[in-house]
Each structure stands twice: as C-alpha cells, then as structure tokens.
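Each ligand, and each atom within it, is numbered from 1 in the order the structure gives. All values derive from a computational prediction rather than experimental measurement. Note that these values count all heavy atoms, side chains included, but never hydrogens, waters or copies made by symmetry.
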Amino acid sequence: MTIYDKYILPKVVDYACKQSPNMQQRMKVITLATGNVLEIGIGSGLNLPLYNNENVKHLTAIDPSIEMWDKNVIDTNNLSFDFDFVKAYAENIPEEDNSFDSVVITYALCTIPDTSKALEEVRRVLKTKGKLIFCEHGKAPDKAVQKWQNVINPLWKRLGGGCNLNKDIQLIIEENGFKMDNLEKRYIPGWKPASFNYWGVAKPN
Ligand SMILES: C[S@@+](CC[C@H](N)C(=O)[O-])C[C@H]1O[C@@H](n2cnc3c(N)ncnc32)[C@H](O)[C@@H]1O
C-alpha cells in the first residue's frame, strides 16, 4: 500500500463523501433500512447517525479498508442498535444466506471492482422479501458529460481509490438479479461528471 493510499486517500474520500449535497442524498434513503441491516463499504460511517434507531435491530458493516473505517465519525458504543464492523469485501460477504432484511450501499458501487459478484453476494445474504437500498453517483445521461466522465476516469480512479465516474448504476443493479421498487436519478449540486446520482430501493427478482 502506498503512503497516498494509507494516509491521504481516506481523508480525501471522507471529505468528498461528507459534502452537503451527498449528505442530503443519504438522508433520503438511510431511514428506509429496517430490521437486520448490512451496510456494504461503510467507509468512515457517514450514514451511521442517519439510521432510524427504532426500525434497525442490528447493523453489520463491512469494508476492506481499515484506514477508511479508522476515520469513523461517531463512537459506535453510543448507537442505540447492535453494531459490528467486519473487514471484508462485498464480493465475498462472510455472512449467512437469507440473513438480512435490508442491505445498504451508498457511494460504493462506483468503487467495488466486481459489482456482479458483489450483487450476487447481496442476493445470497438478503432475505427473499429483503430490500437493497442504494444511493450512488454514476454515468450521466448527457453525451457531453459522459465524454468528460470517460476522459477523466483513469486519473480519477487512480486518485480516488478505485472510484469510477461512469458506471451505469441502474443497469448494474437490474442486470444482477434485482428489480427497481423505486428509482430516482438526477444531478445533485456539484461538479457534473461526479454529481449524477441514482437512489432508491431494489428487490431481488
Ligand atoms: C467512496 S467510499 C464511500 C464510503 C461510504 N459508503 C459512504 O457513503 O460514505 C467507497 C468505499 O467502498 C469501499 N470498498 C472498496 N472496495 C470494496 C469492496 N470490494 N467491497 C466493499 N467495499 C469496498 C472503500 O474502502 C470505501 O470505504
């Protein structure tokens, strides 16, 4: 691991993810999580204060980066639901089949290298009637913005710890065993190549 990846990247990612437009997006979806919840790629835990304490029974969070988790924003001992953090990849979730009511992914599908494998794992651990709650940035609808997303992506990915600007989040979710229960898509305030957002709830097919 490089010095940049260990010391600088976690600060850069945490700073970018906690900008007000992104925080407002999180608020639209995180309160939908209920029951036994799995959050994938929790990063610095920016969603933790937003969960509805009355609806969440237990939250398991996974992330392969201890450096990101070390930046965590709140003391997890003070949460009013049970919580564990597990160092793990979405492509190989160390949890039982059919065990979660909700799986939450925010601003992480952009970075997860094998999204097909990750969503196969999400389907495996989700209960049949469970829900995938997501909020992501990705491929913009306008050709001019798409062009910039594609041009900048190699450099962005290097500096952003593997984050891609141009993933088609809707297609990725729908092609990997989920159907949309509700989906919203729109630019949020910010730099256009990184601000086309997709958010909503999908259910296993
Ligand atoms: C841009 S950050 C977003 C963090 C957090 N979800 C948020 O909304 O603030 C992307 C996160 O995905 C994590 N990540 C990268 N590869 C992953 C993988 N294969 N499986 C699960 N998480 C991964 C990174 O370590 C990082 O914490």
Side-chain angles (χ1 to χ4, degrees), residues 1-2 4-33 37-51 59-74 76 83-95 100 102-126 132-138 149 152-153 156-167 169 172-173 176 188 190-191 193-200:
M1 181 180 279
T2 63
Y4 174 79
D5 287 342
K6 192 167 169 61
Y7 298 107
I8 302 173
L9 179 64
K11 288 189 184 145
V12 171
V13 173
D14 176 54
Y15 177 79
C17 287
K18 64 164 69 134
Q19 295 309 300
S20 157
N22 301 93
M23 292 309 292
Q24 284 175 32
Q25 287 301 106
R26 299 172 189 287
M27 287 177 206
K28 294 176 187 168
V29 293
I30 298 302
T31 50
L32 303 174
V37 181
L38 172 68
E39 181 170 340
I40 291 184
I42 190 169
S44 55
L46 292 169
N47 295 329
L48 285 174
L50 308 178
Y51 283 99
L59 174 65
T60 304
I62 67 166
D63 201 296
S65 169
I66 294 295
E67 290 74 22
M68 278 303 305
W69 178 238
D70 279 348
K71 295 262 154 302
N72 68 321
V73 290
I74 60 171
T76 54
F83 175 81
D84 347 279
F85 172 82
V86 182
K87 178 177 170 12
Y89 291 89
E91 293 90 337
N92 187 11
I93 301 172
E95 300 292 334
F100 293 97
S102 312
V103 172
V104 171
I105 311 186
T106 65
Y107 302 115
L109 281 174
C110 54
T111 305
I112 292 171
D114 187 346
T115 46
S116 294
K117 182 68 190 148
L119 289 171
E120 185 187 321
E121 280 288 88
V122 170
R123 278 207 344 266
R124 180 182 66 74
V125 300
L126 254 185
L132 168 63
I133 297 163
F134 61 92
C135 163
E136 294 284 333
H137 71 91
Q149 289 183 315
I152 299 159
N153 202 58
W156 179 269
K157 193 172 173 181
R158 252 183 111 156
L159 296 176
C163 173
N164 290 276
L165 289 170
N166 52 5
K167 285 196 184 180
I169 299 298
I172 288 171
I173 293 174
N176 286 288
I188 62 169
W191 181 55
S195 63
F196 190 74
N197 272 226
Y198 299 71
W199 68 100

Under a 4.0 Å heavy-atom limit, does Ala90 contact ligand 1 with its side chain, its backbone, both, or neither? both
Short list, please: which atoms of ligand 1 are under 4.0 Å from a heavy atom of Pro113? 19 (N)
Distance from atom 16 (N) of ligand 1 to nearest protein heavy atom, with residue and atom: Pro64 CG, 4.0 Å
Contacts of Lys157 that satisfy salt bridge (Lys or Arg N to Asp or Glu O under 4.0 Å) - sequence neighbours left out: none
Counting neighbours of NZ on Lys11 that are heavy atoms of other residues, nucleotides or ligands and sit closer than 6.0 Å, is the number greater than 12? no
Going by heavy-atom distance to atom 7 (C) of ligand 1, choose the closest among Glu67, Glu136, His137, Arg26. Arg26
Element-labelled atoms of ligand 1 that are located less than 4.0 Å from some non-hydrogen atom of Ser65: 25 (O)
Candidate with minimal heavy-atom separation from atom 6 (N) of ligand 1, of Ala108, Gly43, Gly41: Gly41
Heteroatom distance test (Tyr89, ligand 1): nitrogen or oxygen, under 3.5 angstrom: no
Does ligand 1 have an atom under 4.0 Å from some heavy atom of Cys163? no
What atoms of ligand 1 come within less than 4.0 Å of a heavy atom belonging to Val13? 1 (C), 2 (S)
Do Ile112 and Ile40 have side chains that get closer than 4.5 Å, going by heavy atoms? yes
Can you list the residues that meet the salt bridge (Lys or Arg N to Asp or Glu O under 4.0 Å) rule with Glu121, with sequence neighbours excluded? Arg124
Do other residues, nucleotides or ligands put more than 12 heavy atoms under 6.0 Å from Tyr15 OH? no
At a 4.0 Å threshold, what atoms of ligand 1 neighbour a non-hydrogen atom of Leu46? 9 (O)
Give me the residue, atom name and distance of the protein heavy atom closest to atom 3 (C) of ligand 1. Tyr107 O, 3.1 Å
Out of all atoms in ligand 1, which are within 4.0 Å of some heavy atom of Ile112? Include the element for each. 17 (C), 18 (C), 20 (N)
Can you figure out which of Thr111, Thr115, Asp63 has its heavy atom closest to atom 26 (C) of ligand 1? Asp63
Is the shortest heavy-atom distance from the side chain of Arg26 to the side chain of Leu46 under 4.5 Å? yes
What do we get for Lys18 next to ligand 1 when only non-hydrogen atoms under 4.0 Å count, side chain, backbone, both or neither? neither
Using side-chain contact (heavy atoms from CB on, under 4.5 Å), reason through Val13 and Thr111 one step at a time and then give a plain yes or no. CA-CA 11 Å; Val13 173; Thr111 305; over 6 Å; no
Does Thr106 approach ligand 1 within less than 4.0 angstrom via side chain, backbone, both or neither, non-hydrogen atoms only? both
List ligand 1 atoms under 4.0 Å from Cys17, heavy atoms only on the residue side. 1 (C), 3 (C), 9 (O)
Phe85 atom CZ: more than 12 heavy-atom contacts under 6.0 Å: yes
Determine whether the side chains of Glu39 and Tyr51 contain a donor N or O and an acceptor N or O closer than 3.5 Å. yes
With a heavy-atom distance limit of 4.0 Å, tell me whether Cys110 approaches ligand 1 through its side chain, its backbone, both, or neither. neither
A side-chain contact here means heavy atoms from C-beta on lying under 4.5 Å apart; do Ile42 and Trp69 qualify? yes
Heavy-atom distance under 4.5 Å between the side chains of Ile93 and Val86, does that happen here? no
Criterion side-chain contact (heavy atoms from CB on, under 4.5 Å) against Leu59, the qualifying member of Asp84, Leu48, Leu38, Asn47: Leu48
Nearest to atom 19 (N) of ligand 1, what protein heavy atom do you find, and at what distance? Glu91 OE1, 2.8 Å
Note: ligand 1 atoms sitting under 4.0 Å from heavy atoms of Met68 are 27 (O)
Below a 4.0 angstrom heavy-atom separation, can you tell me which part of Asp14, side chain or backbone, both or neither, approaches ligand 1? neither
